[in-house]
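Take a look at the structure below.
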Number of protein chains: 2
Amino acid sequence: MPDSAAESRDPRERILLAAGREFAERGYEPATVRDICTAAGVNVAAVNYYFGDKHRLYIESVKHAHEARLRQVPQPDWAPGTPAAQKLRDFVGSMLDRMLGGDQPPWQVRLMMRELLQPTEACRELVEDYIRPHFGILLGVLNELTGSALPASEVRRLGLSIIGQCFLYRAAGDVVAMLVPGGEIDAYHTPQAIADHVTRFTLAAIGVAEPFARPDVGTVSALESPR
Amino acid sequence: MPDSAAESRDPRERILLAAGREFAERGYEPATVRDICTAAGVNVAAVNYYFGDKHRLYIESVKHAHEARLRQVPQPDWAPGTPAAQKLRDFVGSMLDRMLGGDQPPWQVRLMMRELLQPTEACRELVEDYIRPHFGILLGVLNELTGSALPASEVRRLGLSIIGQCFLYRAAGDVVAMLVPGGEIDAYHTPQAIADHVTRFTLAAIGVAEPFARPDVGTVSALESPR
DNA sequence: GCGGAAATCAAACAAGCGTTTCAATCGATT
DNA sequence: AATCGATTGAAACGCTTGTTTGATTTCCGC
C-alpha cells in the first residue's frame with residue numbers, strides 16, 4: 001500500500017499521489033505544481049516531463065484515484081437468496097463507508113466529489129465507470145424490494161433519494177455537524193448510524209418496514225387533493 | 001431589482017454584485033479582481049479603495065448575497081390549522097424553488113453552496129442566520145407530523161434526510177442529469193416534480209401516506225435482526 | 001465660480017504562477 | 001571503459017496575480 005508513509009519509488013507514482021492530495025484539498029487552480037512537486041520530493045520540471053502540463057496531470061490524478069478506489073472497494077457480492085432489505089442495508093453501509101472513509105484517507109473521495117460538484121472532462125468517465133454501475137446495483141435492489149411494481153422513473157427517484165441522504169453527510173458534513181448538538185455529533189457521523197437510519201427510512205417509505213410514526217390516519221387526504 | 005440588466009448606480013454595489021457572480025462561478029482563488037472590476041465597469045483600484053483587499057471583498061459579497069436572499073424569500077407563514085402534511089409540501093417546495101431557482105439567477109445560491117461545501121469564515125454566520133432557522137421550521141413541521149412521539153435526535157435525522165434528498169439535485173445536478181435518460185430530464189429537474197416525490201417519500205416513511213409498494217410483508221424481520 | 005475632499009484612472013509594483021531551458025547526472029548497452 | 005538516451009537539477013522565462021501609486025477628474029458646500 002504505497003500511500004502516506006512509504007511512498008512509491010517510481011517518481012511518476014509519487015507525483016500522482018501528491019497531486020491527488022493537493023487537488024483534493026485545495027482544488028485545481030489553487031493547487032500549485034510547486035507544492036505538488038515539493039510534496040512528491042521531485043523537481044518542478046518533473047511534472048512537465050512526465051505529464052506535459054498541469055491540466056493533464058489533473059486528469060491523470062483523477063483517473064488514478066478513481067482506479068485505486070475501484071480496486072480497493074469491489075462491488076458487493078451477495079449470496080443467492082439474500083433478502084433484498086439486507087442488500088439495501090449492505091449497499092447503503094458500504095457506500096457510506098466509502099464516502100466517509102472510516103478506514104482510508106478520504107482524499108480520493110474528496111477529489112472525486114469535486115468532480116461531481118463541478119464537473120470537468122474527467123467527470124463523464126467517472127460517472128460511466130464508477131457511479132452508473134453502482135447506481136444500477138441500487139436500482140436492482142430497489143426493483144427487488146418493490147416487486148418490480150414501479151415504473152423505472154419512480155425507482156430512479158427512490159435511488160436518488162437514498163443517494164441524496166448519504167451524500168449530504170459527505171458534501172456538507174461540516175454544516176451538519178453545526179446543526180447537531182455537540183454531545184451527539186460522535187454518534188451522528190458514524191457510517192453505521194447513518195446507514196441504519198437511511199435504510200430504515202427508505203424501507204419504511206417503500207412499505208417493507210414499519211413507518212417512523214403513525215399519529216392519526218386521515219391527514220393523508222389533505223395532501224392527496226391539495227386544491 | 002438592480003441585478004443582471006440595470007445595474008445599480010452605486011459602484012460599491014456594482015462591485016459586490018459582480019464579485020458575487022464571479023466568486024460563485026469560479027470560486028475564491030480562481031476569480032480575479034480584474035475580471036470582477038471589468039464586469040462591474042470600474043477600475044481595478046476600486047476594489048481596494050472600497051473593500052481593502054480581495055478577501056474582505058469576498059466576505060462582504062457572501063454576506064450581501066445572503067442578505068439579499070433572505071429579503072426576497074421570507075419565511076413561510078401558514079394559516080393556523082394548515083395540515084402538517086401540507087406544510088411539509090410547502091416547505092420542501094419553497095426550498096427547492098430557492099435552490100434550483102426557477103425564477104432568479106442562481107448565483108447567490110451557488111455562492112452559498114460553496115461555503116457549505118468548503119466552509120470559510122463566512123460559513124458559521126450563514127448557518128446561524130440562514131440555515132438553522134429554516135431547519136428549525138422543518139423540525140417543527142416534522143414534530144407536528146409525528147405527533148411529537150420521536151426523540152429530538154430522530155426528528156433531526158428525518159430533517160437531514162429531507163434536506164439531503166433536495167440537496168443532491170442542486171449540488172450534483174449535472175451528475176443526476178447524466179443518470180437520467182435524456183428524454184425524461186426535463187420532467188426530472190423541475191422543483192415541483194422533485195418536491196412531490198420528496199414529500200411523498202417522506203410522508204410514507206413517517207407513516208402519514210401510503211408506502212410506495214407493499215410486495216410481501218415479512219422481509220422485515222430479515223433486517224430487524226441482521227446477525 | 002472656486003476650493004478641497006472624494007472618487008476615478010492609467011500605470012506600475014513585487015510576488016507568485018506554469019512552463020522552459022540546458023547543463024549535470026544516471027544507467028544500461030556495447 | 002566509453003557511449004548515448006533517459007532522467008534530474010537549478011535557474012530563469014514570460015505572464016498573471018493582488019495591490020499600490022500618484023496624477024487627474026468629479027462632485028458639492030460656500
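Here is the naming used below: chain letters follow the sequence lines, and residue numbers restart at 1 for every chain.
Atoms OH (Y58(B)) and C1' (dT17(D)) sit 19 Å apart, rounded to a whole Å. Taking atom CZ of R56(B) as the reference point, atom C1' of dT19(D) lies 12 Å away to the nearest angstrom.
For R34(A), there are no side-chain hydrogen bond (donor to acceptor under 3.5 Å, both in side chains) partners, not counting sequence neighbours. Applying the salt bridge (Lys or Arg N to Asp or Glu O under 4.0 Å) test to K87(A) and every residue at least two apart in sequence or in another chain returns E144(A). Shown here are the salt bridge (Lys or Arg N to Asp or Glu O under 4.0 Å) partners of R110(B), two or more places apart in sequence or in another chain: E25(B). E115(B) is linked by a salt bridge (Lys or Arg N to Asp or Glu O under 4.0 Å) to nothing, counting only residues two or more places apart in sequence or in another chain. Checked against side-chain hydrogen bond (donor to acceptor under 3.5 Å, both in side chains), D35(A) has the following partners two or more places apart in sequence or in another chain: T32(A). Here R56(A) pairs with D53(A) under the side-chain hydrogen bond (donor to acceptor under 3.5 Å, both in side chains) rule; sequence neighbours left out. Scanning for salt bridge (Lys or Arg N to Asp or Glu O under 4.0 Å) contacts around E29(A) gives R26(B), with sequence neighbours left out.
Fit an axis to the five pairs at each end of the helix from dG1(C)-dC30(D) to dT30(C)-dA1(D) and the two axes sit 0° apart, to the nearest 10 degrees.
At distances below 3.5 Å, not a single donor-acceptor pair connects side-chain atoms of K63(B) with backbone N or O atoms of A122(B).
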What protein N or O atoms touch nucleotides 4-7 of chain D N or O atoms at under 3.5 angstrom, if any, and at what distances?
{"unit_1": "dT7(D)", "atom_1": "OP2", "unit_2": "Y49(A)", "atom_2": "OH", "d": "2.7"}
{"unit_1": "dT7(D)", "atom_1": "O5'", "unit_2": "Y49(A)", "atom_2": "OH", "d": "3.3"}

Grab the N/O contacts between the protein and nucleotides 16-21 of chain C below 3.5 Å, and write none if there aren't any.
{"unit_1": "dG18(C)", "atom_1": "OP1", "unit_2": "A31(A)", "atom_2": "O", "d": "3.3"}
{"unit_1": "dG18(C)", "atom_1": "OP1", "unit_2": "V33(A)", "atom_2": "N", "d": "3.4"}
{"unit_1": "dG18(C)", "atom_1": "OP1", "unit_2": "K54(A)", "atom_2": "NZ", "d": "2.9"}
{"unit_1": "dG18(C)", "atom_1": "OP2", "unit_2": "V33(A)", "atom_2": "N", "d": "3.1"}
{"unit_1": "dG18(C)", "atom_1": "N7", "unit_2": "R34(A)", "atom_2": "NH1", "d": "2.7"}
{"unit_1": "dG18(C)", "atom_1": "O6", "unit_2": "R34(A)", "atom_2": "NH2", "d": "3.0"}
{"unit_1": "dT19(C)", "atom_1": "OP2", "unit_2": "K54(A)", "atom_2": "N", "d": "2.8"}

Show me the side-chain donor-acceptor pairs of residues 167-182 of chain B shorter than 3.5 Å, one per line, residues at least two apart or across chains.
{"unit_1": "R170(B)", "atom_1": "NE", "unit_2": "M99(B)", "atom_2": "O", "d": "3.1"}
{"unit_1": "R170(B)", "atom_1": "NH2", "unit_2": "M99(B)", "atom_2": "O", "d": "2.6"}

What donor-acceptor contacts under 3.5 angstrom involve side-chain atoms of residues 153-162 of chain A, with partners at least two apart or in another chain?
{"unit_1": "E154(A)", "atom_1": "OE1", "unit_2": "R200(B)", "atom_2": "NH1", "d": "3.4"}
{"unit_1": "R156(A)", "atom_1": "NH1", "unit_2": "E184(B)", "atom_2": "OE1", "d": "3.2"}
{"unit_1": "S161(A)", "atom_1": "OG", "unit_2": "R157(A)", "atom_2": "O", "d": "3.3"}
{"unit_1": "S161(A)", "atom_1": "OG", "unit_2": "Q165(B)", "atom_2": "OE1", "d": "2.7"}
{"unit_1": "S161(A)", "atom_1": "OG", "unit_2": "H197(B)", "atom_2": "NE2", "d": "2.7"}

